[in-house]
Amino acid sequence: MSIRTIAIPLAAILLAGCASAPSTQDPVPWLDSQYQYDPALVTVGPQELFKLDAGLQAKLDEPAVRNVPLGLKLKRIIDTIFDKDRKGFSYRAGHSTVAAQTWRNRSGDCLSLTVLTYSVARTLGMSPVMQEVQTPAVFGREGQFDVVNQHVNVLFPHIRGDLMAESMDHEVVIDFEPDFAAPRRGIPLTEAGIVARYYNNVAVENMAAGNLRAAYAYFKAALQSEPSYVSPYGNLAVLYRRSGHDEEAERLLRYAIGLGGNADVAFHELHRLLQDHGRVREAGEIERKLEARQAQDPYHWIGLGLAAIEKNDMRRAVDDLEHANDIAPGFAEVHRYLAIAYARSGDIPKARQELAQLENMGGQFNKIALLRRKLDRLEHSSQ
């Protein structure tokens, strides 16, 4: 997944999230002088983010690619990006790149591959929709920060397809994340919205590397691109806290929480800030609000279940995932993770039941087949 949120021993950062901002005065206490703000530090403009490599553009201009029916154009896109054996591009988390660079690298995170796919499809006269899709919180490392990765992909409405995509009633989602693909409708993103997410990612990368001036410039660019995007408010608060501007950070965190959406990271950081200042009662109120949100959030429990699988604690994983299923029984991915947890705990019959549930819900055939083969091997080896 490629949109990053940071939850750190000192701070917390959020990279994805979309909500409607109140139409009030600018909520950001900008500190331009303290960070020696220079807009020229943002070296990628919106047009450059989506601009295709010249060689790729020439390939797309060929009649054999451009002058084909709509459904075949989708296949051409998949063949172009992933090659006919589906091994042309690799998923690589941790760094977001512009479309042309992603093409030259032959790899990218989900934001990079989403931008490239969208740009290719738009060039071919299609109507792709970039979207943000909620997934379990998955942690990685970015310098001294723990990074929470969130997710974007591309929806093609009014079309059917297969291969790297999941077909859903004449809609296709192309998803790039190998483990946490989310082939369903999410929150549609405008080009300005995806630009804001790109800037936010670059800002986090710079902050983790200690380049605070550049981080500040990119956070500001993200909020200028899409003021309703919740993540940079919380992330900028992390930057402010690192520089001792806790009062301004608190204002940003409370604003981020007020926007709604995925504000758990802002809740965590505000709780930490209040504790650091000895405001125990207020910290307790924030903690209770966060716990109440998480209690009814299936993705919170899915995240806990995945963390337990990572720690090889299958009993805890099953409990957490079953709780997620109780909250949201229609989530296909829960059954996939439950199948894995039950299989690793040695309960092959239960794992097969979960796979059957997943298949009934229209889960991705290739992943179901792979899990079924693994179950067959496990069952055979135990006999």
I'd like to know whether Arg316 forms a salt bridge (charged side-chain N to carboxylate O under 4.0 Å, His left out) with Asp320, so could you lay out the CA-CA distance, the side-chain angles of the two residues, the decisive distance to 0.1 Å, and finally the verdict. CA-CA 6 Å; Arg316 175 65 183 272; Asp320 290 337; 2.9 Å; yes
Please evaluate residues Phe219 and Tyr199 with respect to the criterion ring pair (Phe, Tyr, Trp, His ring centres under 6.0 Å), reporting the C-alpha separation (whole Å), side-chain torsions for both, the decisive distance (0.1 Å), and the verdict. CA-CA 7 Å; Phe219 282 138; Tyr199 287 156; over 10 Å; no
Run the numbers on His95 and Glu205 for side-chain hydrogen bond (donor to acceptor under 3.5 Å, both in side chains), then give the verdict. CA-CA 8 Å; His95 179 56; Glu205 293 172 19; 2.9 Å; yes
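Of the inter-residue distances, the one linking Glu354 atom CD with Gln357 atom CD reads 6.0 Å to the nearest 0.5 angstrom. With values rounded to the nearest 0.5 angstrom, Tyr216 atom OH is found 3.5 Å from Asp32 atom CG. The distance from the CD atom of Glu248 to the CZ atom of Arg241 is 12.0 Å, given to the nearest 0.5 Å. The distance from atom CG of Asn67 to atom CG of Leu72, rounded to the nearest 0.5 Å, is 11.5 Å. Taking OG from Ser243 and OH from Tyr35, the interatomic distance works out to 2.5 Å, rounded to the nearest 0.5 Å. Note: Leu321 CG to Tyr342 OH = 9.0 Å, rounded to the nearest 0.5 Å.
Closest approach of Arg76 and Ala64 over heavy atoms only: NE-O, 3.0 Å. The two residues Ile174 and Asn153 come nearest to each other via the heavy atoms O-CB, 3.3 Å. Nearest heavy-atom pair across Ser225 and Ala192 is OG-O, 2.8 Å. The heavy-atom pair separating Leu113 from Thr117 by the smallest distance is O-OG1, 2.8 Å. A pairwise comparison of heavy atoms in Arg213 and Asp38 identifies NH2-CB, 3.6 Å as the closest pair. Scanning all heavy atoms of the two residues, the minimum distance from Ala99 to Ser119 falls at CB-OG, 4.2 Å.
Looking at His268 and Leu290, their side chains come closer than 4.5 Å, going by heavy atoms from C-beta outward. Side-chain atoms of Glu250 and Arg279, non-hydrogen and from C-beta on, do get closer than 4.5 Å to each other.
Linking Ile, Leu, Val, Met, Phe, Trp and Tyr whenever their side-chain heavy atoms come within less than 4.5 Å puts Phe50 and Tyr218 in one cluster. No single ILVMFWY cluster, assembled from side-chain heavy atoms under 4.5 Å apart, contains both Leu304 and Ile309. In this structure, Leu239 is a member of the same hydrophobic cluster as Trp30, with clusters built from ILVMFWY side-chain heavy atoms closer than 4.5 Å. At a threshold of 4.5 Å between side-chain heavy atoms, the hydrophobic network of Ile, Leu, Val, Met, Phe, Trp and Tyr places Val98 and Leu41 in two separate groups. Ile302 and Ile327 sit in two unconnected hydrophobic clusters of ILVMFWY residues. Membership requires side-chain heavy atoms under 4.5 Å apart, directly or through other members.
With respect to the salt-bridge test (charged N to carboxylate O, under 4.0 angstrom), the residues Arg336 and Glu333 do not qualify. By the 4.0 Å N-to-carboxylate-O rule, Arg254 lies close enough to Glu282 to be salt-bridged with it. Using a 4.0 Å cut-off between a side-chain N of Lys or Arg and a carboxylate O of Asp or Glu, Arg122 and Glu191 qualify as a salt bridge.
Remark: Lys289 fails to qualify as a cation-pi partner of Phe267 under the 6.0 Å distance and 45° angle criteria applied to the six-membered ring.
Listed for the Arg66 side chain is a donor-acceptor partner under 3.5 Å among the backbone atoms of Thr123. The backbone N or O of Gly55 lies less than 3.5 Å from a partner atom in the side chain of Asp53, making a donor-acceptor pair. Side chain of Ser112 to backbone of Thr97: a donor-acceptor contact under 3.5 angstrom is found.
Dense packing is recorded around CD of Glu291, with more than 12 heavy atoms of other residues, nucleotides or ligands lying under 6.0 Å away. Atom CD of Glu285 sits in a crowded spot, with more than 12 heavy atoms from other residues, nucleotides or ligands closer than 6.0 Å.
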